[in-house]
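Since we're looking at a predicted model, the values are computed, not measured.
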Amino acid sequence: MTKNNHFSPKIRQLAVRMGLENQDGYASQWAALTSIAPKIGCKPETLTLRTRTCL
């Protein structure tokens, strides 16, 4: 089974940046990422992992 990476690196980077920039408006980083993930079409867990690898 192959891994499906249908988001370009630029889009992934943008999503992580959005999560970090909007974190102040939420109670936690998880809440911010949960809010943003559906807007870009991924799961919150995926966005959390990407954020952690960037930090």
Same cluster or not: M18 versus L33, using hydrophobic residues (I, L, V, M, F, W, Y) connected whenever any side-chain heavy atoms lie under 4.5 Å apart? yes

Are L14 and V16 grouped together when hydrophobic residues (ILVMFWY) are joined by side-chain heavy atoms under 4.5 angstrom apart? yes

Identify the two heavy atoms, one from C42 and one from L47, that lie closest to each other, and give their separation to 0.1 Å. SG-CB, 4.1 Å

In this structure, which one of T34, T48, L20 forms a side chain to side chain contact (heavy atoms under 4.5 Å, CB included) with Q29? L20

Looking at A32 and G19, what are the two nearest heavy atoms and their distance? CB-O, 3.9 Å

Mind checking the CZ-CD1 spacing from R17 to I36? Nearest 0.5 Å is all I need. 11.5 Å

Expected output: side-chain S35 to main-chain A31 donor-acceptor under 3.5 Å: no

